[in-house]
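To keep things clear, I will list the structure first and then write my remarks on it.
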Amino acid sequence: MMTEVTMTMSNLHPGFILIAVGLIALFVPKSLRRPVLAAGPLLGLGAVLTLAPGTNATLPFINGITLHYLHVDALSWIFALIFCMMAAIGGIYACHNSNRMEAFCSMTYAGSALGVTLAQDWLTLIFFSELMAATSLFLIWCKKTPASRQAGYRYLLVHMFGGNLLLAGIFLKVSAGDYLVMPLAQGPWDTAFWLICLGISINAAVVPLHAWLVDAYPEGTVTGSVFLSSFTTKVAVYCLIRIFAGTDFLIWFGVLMALYGACYAIMENDMRRLLSYHIVSQVGFMVAGVGLGTAMALNGATAHAFSHILYKSLLFMCAGAIIYATGIRKINQLGGLAKKMPFTFWCFVIAALSISGVPLFNGFISKSITISAAAAAHYGSVELLLQLAGVGTFLSIALKMIYFIFLAPDNGVVIKREVPKNMYVAMGIGATLCVLYGVYPELLYRYLPFTMEPYHPFTVDHITQSIEMLGMAMLPFMMYLPKMEPHTALSLDTDWFYRKPFCGHRDRAVLSVLCSKPGAWQYLGGII
């Protein structure tokens with residue numbers, strides 16, 4: 001039974017707390033900003049832990065409309081929990097940062113993600129969704145380079161388009177008197193259905209609407225990219241579970257995402273672009289689970305979103321530490337960092353084994369639920385294709401990145417500056433949680449929102465299957481190791497279709513001259 005409450009000191013919206021932390025960080029001097037960013041998000045985490053399921057706080061709005069801005073059930077609570085956990089880890093990682101705007105935007109971005117998660121009405125959802133888009137943009141622009149400025153503009157255009165689609169669909173719903181967020185999978189599949197689905201799919205980076213992510217996230221600041229990797233796509237996954245669970249065409253879009261992202265990652269040389277492609281791939285597992293729509297599959301999507309935030313943020317934190325220390329982003333320009341940055345190395349190994357679904361790490365206890373759900377629903381081809389995507393993940397991250405960044409012969413990489421201790425603390429917390437949830441899966445399973453039969457990840461079949469898939473990746477990597485070294489090149493993706501029309505006559509003329517010269521595509525990537 002829902003309990004109508006008003007906002008009190010004992011029942012604060014955790015998103016409002018994070019936004020307040022961002023505002024405080026914006027105005028206080030640098031000496032105080034560090035403790036505010038490190039400790040402030042813990043207040044939001046405490047607020048989540050005190051929220052009671054069934055809470056529904058409301059606020060009167062215009063024309064008799066009531067805003068349900070704080071709705072707590074099992075699904076919204078577990079997403080709110082991981083978002084606050086990530087805000088706390090990200091706050092520690094970024095607390096050395098002197099950029100006021102970045103501090104404000106990172107916390108407001110995280111708070112807005114909580115605003116979407118805890119919203120029960122369409123108007124509150126669209127408000128916080130747009131606030132997410134605006135604040136995340138500045139995490140790219142705060143890098144203050146020509147590449148980040150251009151990527152930010154493209155990011156803005158894509159999210160304006162997706163936001164307007166979502167707004168148009170919500171406008172149709174509200175005009176029809178449907179104010180509350182409700183499941184739409186059972187129909188009618190009308191104009192509002194498709195507009196809302198497309199708007200959320202853009203935020204989820206559903207292929208072929210995904211290229212904005214790989215374009216923008218690598219150009220964000222070292223600390224900002226950690227936040228970017230954690231919120232937008234996972235908020236979209238939450239919305240898909242809430243609104244489109246059981247929409248069967250999402251199964252195949254999810255499979256496509258899982259395979260597409262893994263294949264492009266294998267070819268990539270830029271560390272953060274490679275990791276960004278794996279956001280697309282891993283979110284594909286979640287989207288497929290949403291499409292399957294069974295309780296097991298939806299729990300799998302929820303669990304994998306939870307795990308993904310932990311290990312993907314850790315991967316971005318490790319990559320950020322390497323970039324901070326060396327100034328290098330290209331994998332083939334690194335090597336020998338296991339001895340020079342041992343703590344980063346071991347944290348990266350834990351994150352890589354987690355994303356690869358190795359037993360005793362958190363990716364194994366979440367990814368396998370979705371794969372098992374596909375088998376239980378008699379989607380054998382989906383089960384097989386998702387397993388193949390897992391092979392690509394192990395090949396490109398656990399093997400390629402670990403070897404060529406940390407274990408390959410030293411390329412003379414110089415550590416130009418020491419990594420701040422707070423970054424190491426955040427990485428250590430992330431690595432600990434990846435192992436903790438992998439060893440004790442009940443810490444996560446007990447909070448999964450949908451009722452299903454007990455799931456046991458550590459069965460002989462699951463472990464054997466995982467080892468077989470990983471062996472399939474390791475054998476060709478060892479056999480063709482000299483050819484596995486990544487090369488500097490630009491991978492053409494679907495963003496070509498909206499970059500190309502904006503390429504001016506001057507750029508086309510330059511391209512026609514350079515088209516036969518080495519580096520032509522890299523030059524084109526810089527001017528568009």
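What's counted below: heavy atoms across the whole structure, side chains too, no hydrogens, waters or symmetry copies. Residue numbers start at 1 and run along the sequence shown.
For the residue pair Val235 and Ala113, the shortest heavy atom distance occurs at CG2-CB, 3.6 Å. Residues Ala321 and Val419 approach most closely at O-CG2, 3.7 Å, considering heavy atoms. Of all non-hydrogen atoms in Leu292 and Ala297, the two that sit nearest each other are CB-CB, 3.6 Å. For the pair Met257 and Val207, the tightest heavy-atom approach, listed with the atom from each and the gap, is CG-N, 3.6 Å. Residues Met107 and Gly91 share a closest heavy-atom pair of CE-CA, 4.0 Å. Ala94 and Leu37 make their closest contact through O-CD1, 4.1 Å (heavy atoms, listed as atom of the first residue, atom of the second, distance).
Taking the side chain as every heavy atom from C-beta outward, Cys197 and Phe249 approach each other to under 4.5 Å. At least one side-chain heavy atom of Leu172 sits less than 4.5 Å from a side-chain heavy atom of Thr191. Contact annotation: the side chain of Leu274 approaches that of Ile331 to within less than 4.5 Å [non-hydrogen atoms, C-beta and beyond]. Between Leu166 and Leu125 there is a side-chain heavy-atom pair separated by less than 4.5 Å. Within the 4.5 Å cutoff, side-chain heavy atoms of Glu383 are placed close to those of Gln387. Contact annotation: the side chain of Phe345 approaches that of Ile402 to within less than 4.5 Å [non-hydrogen atoms, C-beta and beyond]. Considering only heavy atoms from C-beta on, Gln333 stays 4.5 Å or farther from Thr326 through its side chain. In this structure, the side chains of Val255 and Leu259 come closer than 4.5 Å at one or more pairs of heavy atoms.
Annotation: Phe477, atom CZ; neighbour count of heavy atoms from other residues, nucleotides and ligands within 6.0 Å is above 12. Within a 6.0 Å sphere centred on CZ of Phe161, other residues, nucleotides and ligands contribute 12 heavy atoms or fewer. Within a 6.0 Å radius of CZ in Phe104, more than 12 heavy atoms belonging to other residues, nucleotides or ligands are found.
For the pair Asn422 (side chain) and Tyr93 (backbone), a donor-acceptor distance under 3.5 Å is present. The backbone N or O of Ser148 sits less than 3.5 Å from a side-chain atom of Thr145, completing a donor-acceptor pair. In this structure a side-chain-to-backbone donor-acceptor pair under 3.5 Å is missing from Lys367 to Gln282. Between the Asp215 side chain and the Ala211 main chain, no donor and acceptor come within less than 3.5 Å of each other. Side-chain atoms of Arg417 come within 3.5 Å of backbone N or O of Tyr324 as a donor-acceptor pair. The backbone N or O of Asn269 sits nowhere less than 3.5 Å from a side-chain atom of Asn332 that would complete a donor-acceptor pair. Side chain of Thr135 to backbone of Met132: a donor-acceptor contact under 3.5 angstrom is found. A donor-acceptor distance shorter than 3.5 angstrom exists from the side chain of Ser281 to the backbone of Ala258, with no hydrogens or angles considered. Thr494 places a side-chain N or O within donor-acceptor distance of the main-chain N or O of Pro208, the cut-off being under 3.5 Å. Judged purely by atom type and a 3.5 angstrom limit, Ser112 has no side-chain atom pairing as donor or acceptor with the backbone of Gly115.
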Criterion side chain to side chain donor-acceptor pair (under 3.5 Å) on Tyr109 and Thr232, from CA distance to verdict: CA-CA 9 Å; Tyr109 176 43; Thr232 297; 2.5 Å; yes

Steps toward side chain to side chain contact (heavy atoms under 4.5 Å, CB included) verdict (Leu18, Leu114): CA-CA 9 Å; Leu18 293 185; Leu114 285 160; 3.4 Å; yes

Ser136 and Tyr155: CA distance, side-chain angles, deciding distance, side chain to side chain donor-acceptor pair (under 3.5 Å) verdict: CA-CA 10 Å; Ser136 60; Tyr155 181 89; 2.6 Å; yes

Audit row: Arg149, Tyr153, side chain to side chain donor-acceptor pair (under 3.5 Å) steps and yes/no: CA-CA 6 Å; Arg149 184 171 60 252; Tyr153 280 123; 5.8 Å; no

Side chain to side chain contact (heavy atoms under 4.5 Å, CB included) assessment of Ile140 paired with Leu228: CA-CA 9 Å; Ile140 302 166; Leu228 291 170; 3.9 Å; yes

Full working for side chain to side chain contact (heavy atoms under 4.5 Å, CB included) between Trp252 and Val382: CA-CA 8 Å; Trp252 302 106; Val382 173; 3.5 Å; yes

Side chain to side chain donor-acceptor pair (under 3.5 Å) between Lys312 and His278, worked out: CA-CA 9 Å; Lys312 181 60 69 175; His278 271 297; 5.4 Å; no

Met85 vs Phe306, side chain to side chain contact (heavy atoms under 4.5 Å, CB included): CA-CA, chis, key distance, verdict: CA-CA 10 Å; Met85 290 171 62; Phe306 192 102; 4.0 Å; yes

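Take Asp410 and apply the salt bridge (charged side-chain N to carboxylate O under 4.0 Å, His left out) test, not counting sequence neighbours, and it matches Lys340. Listed by chain and residue number, Phe394, Leu399, Met478 satisfy the side-chain contact (heavy atoms from CB on, under 4.5 Å) test with Met474 (two or more places apart in sequence, or in another chain). For the salt bridge (charged side-chain N to carboxylate O under 4.0 Å, His left out) test, no residue two or more places apart in sequence or in another chain qualifies with Asp493.
Atom CE of Met427 sits about 13.0 Å away from atom CD1 of Ile92, to the nearest 0.5 Å. Note that CG of Asn362 and SG of Cys434 are 4.0 Å apart. Values are rounded to the nearest 0.5 Å. Here the OG-NE2 distance, from Ser201 to His210, works out to 13.5 Å after rounding to the nearest 0.5 Å. In this structure, OG1 in Thr344 is found 11.0 Å from CD1 in Ile405, a value given to the nearest 0.5 Å. Atom NZ of Lys234 sits about 6.5 Å away from atom OG of Ser229, to the nearest 0.5 Å. Taken from CG in Leu314 to CZ in Phe348, the straight-line distance is 9.0 Å, to the nearest 0.5 Å.
Aromatic pair Phe406/Trp346: centroids not less than 6.0 angstrom apart. Within the 6.0 Å centre-distance limit, the rings of Phe244 and Phe193 are counted as a close aromatic pair.
Relative ring orientation between His308 and Tyr311 is described as perpendicular, the plane-to-plane angle rising above 60° on a 0-90° scale split at 30° and 60°. Under the 30°/60° scheme for interplanar angles, the aromatic rings of Phe138 and Trp141 are found to stand perpendicular.
Note on Arg329 versus Glu219: salt bridge recorded, some NZ/NE/NH1/NH2 to OD/OE distance being below 4.0 Å.
Judged by the 6.0 Å and 45° rule, Arg272 forms no cation-pi pair with Tyr217.
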